[in-house]
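One structure is given below, encoded as structure tokens.
Residue numbers begin at 1 in each chain, while the letters A, B, ... track the order of the sequences. This structure is a prediction, so every number in the text was calculated from the model and none was measured.
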There are 2 protein chains.
Amino acid sequence: MIEADIFKALADPTRRKVFEKLAGGSLNASTLRDGLEISQPAMSQHLSVLRAAGLVREQRQGRFVNYEVDPDGIVAIGAWLARYRAYWPKRMDALADLLKDMDQ
Amino acid sequence: MIEADIFKALADPTRRKVFEKLAGGSLNASTLRDGLEISQPAMSQHLSVLRAAGLVREQRQGRFVNYEVDPDGIVAIGAWLARYRAYWPKRMDALADLLKDMDQ
DNA sequence: GCAACACATAAGCGCGTGCTTATGTGTTGT
DNA sequence: ACAACACATAAGCACGCGCTTATGTGTTGC
């Protein structure tokens, strides 16, 4: 079950910050450390967890490793969320529209 | 930040099972224990965590306490997921449509 | 009133998780 | 070749989390 890894990965506040930084675009491990007061190994470990969860994917570029959001993880969360469509309130209609529009 | 509580709550496999049981409709604490090999206090604690995260809400009914999915939690997850709309792939269009349709 | 029941809270314990420092691996440039 | 750099892995440690047993609180029915 990959949901287990996804929610566990997102349960940590530092990992959420990292993941949300990547929402703005691809970044390497060193750049991701900026602002977060964390050691280099800690970042490396966090990225490893995010990668194992399918939330992030990497791409080696010289001696840098660029990380970016993995759409597979997003899809997995969306699919899980779909189980609760019965509890999706009216106001979520607007969100669904937004999601569709921004995808064009 | 309520996202912290949400993802932490969903990180535990037992709590996810409980929450997914509630996707089918309202249930009381004792009924929720069925199938899960867990003590009564453990269930009570899990429900407390889910409630604090805004994922579940309760309604006292005599000496039973009925739990149900709290739409607020679902909305919070949806809103968080919306930050990653740039990485939402085409195939998620179908899901967005489904979510909209089922809400009618 | 009191026994049985449904659930919550308290206290304590073992294990997983995220951190650190130290070291290893691979790449770049001179 | 070698130094500097970017990142990964190893090992050890402290803290948090989920579990248990024990007990408390509130409700129902006789």
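Side-chain contact check for A/Val56 versus A/Glu68: every heavy-atom pair is 4.5 Å or farther apart. Using a 4.5 Å heavy-atom cutoff, the side chains of A/Glu20 and B/Tyr84 are in contact. Using a 4.5 Å heavy-atom threshold, the side chains of A/Val18 and A/Met43 count as touching. Residues B/Asp12 and B/His46 meet the side-chain proximity criterion, which asks for heavy atoms closer than 4.5 Å.
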Protein proximity profile, nucleotides 14-23 of chain C - base contact B, sugar-phosphate-only contact S, no contact -, cut-off 4.0 Å on heavy atoms
---SSBBBB-
Base-contact (B) and sugar-phosphate-only (S) positions in nucleotides 25-30 of chain C, heavy-atom cut-off under 4.0 Å, - elsewhere
--BS--
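The environment of A/Arg51 atom CZ is sparse: at most 12 non-hydrogen atoms of other residues, nucleotides or ligands sit within 6.0 angstrom. Counting heavy atoms of neighbouring residues, nucleotides and ligands inside a 6.0 Å radius, atom NZ of A/Lys21 exceeds 12 of them.
Distance A/Arg33 CZ to D/dC5 P: 14 Å, rounded to the nearest Å. Rounded to whole angstrom, the span from the CG atom of A/Asn28 across to the C1' atom of D/dA8 amounts to 15 Å. Computed from coordinates, the B/Leu36 CG to D/dC19 P distance equals 10 Å when rounded to whole Å. The NZ atom of B/Lys17 sits 14 Å away from the P atom of D/dG18 (whole-angstrom rounding). Taking atom CD on A/Glu58 and atom C1' on D/dA6, their separation rounds to 13 Å, with Å as the unit. Taking atom CZ of residue B/Phe64 and atom C1' of nucleotide C/dC5, one finds them 8 Å apart after rounding to whole Å. Rounded to whole Å, atom P of C/dA8 lies 11 Å from atom CG of B/Leu32. As a whole-Å value, the separation of A/Gln59 CD from D/dA6 C1' is 16 Å.
With A/Leu55 as the partner, the side-chain contact (heavy atoms from CB on, under 4.5 Å) test is satisfied by one option alone out of A/Leu47, A/Ile6, A/Val49: A/Ile6.
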Kindly determine whether A/Lys17 and B/Glu3 satisfy salt bridge (charged side-chain N to carboxylate O under 4.0 Å, His left out), including the steps that lead there.
CA-CA 12 Å; A/Lys17 283 178 190 169; B/Glu3 289 159 11; over 6 Å; no
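Between C/dA6 and B/Tyr67, no contact under 4.0 Å exists linking OP1 or OP2 to a side-chain N or O.
Side-chain atoms of A/Asn28 and A/Thr31 include a donor-acceptor pair closer than 3.5 Å.
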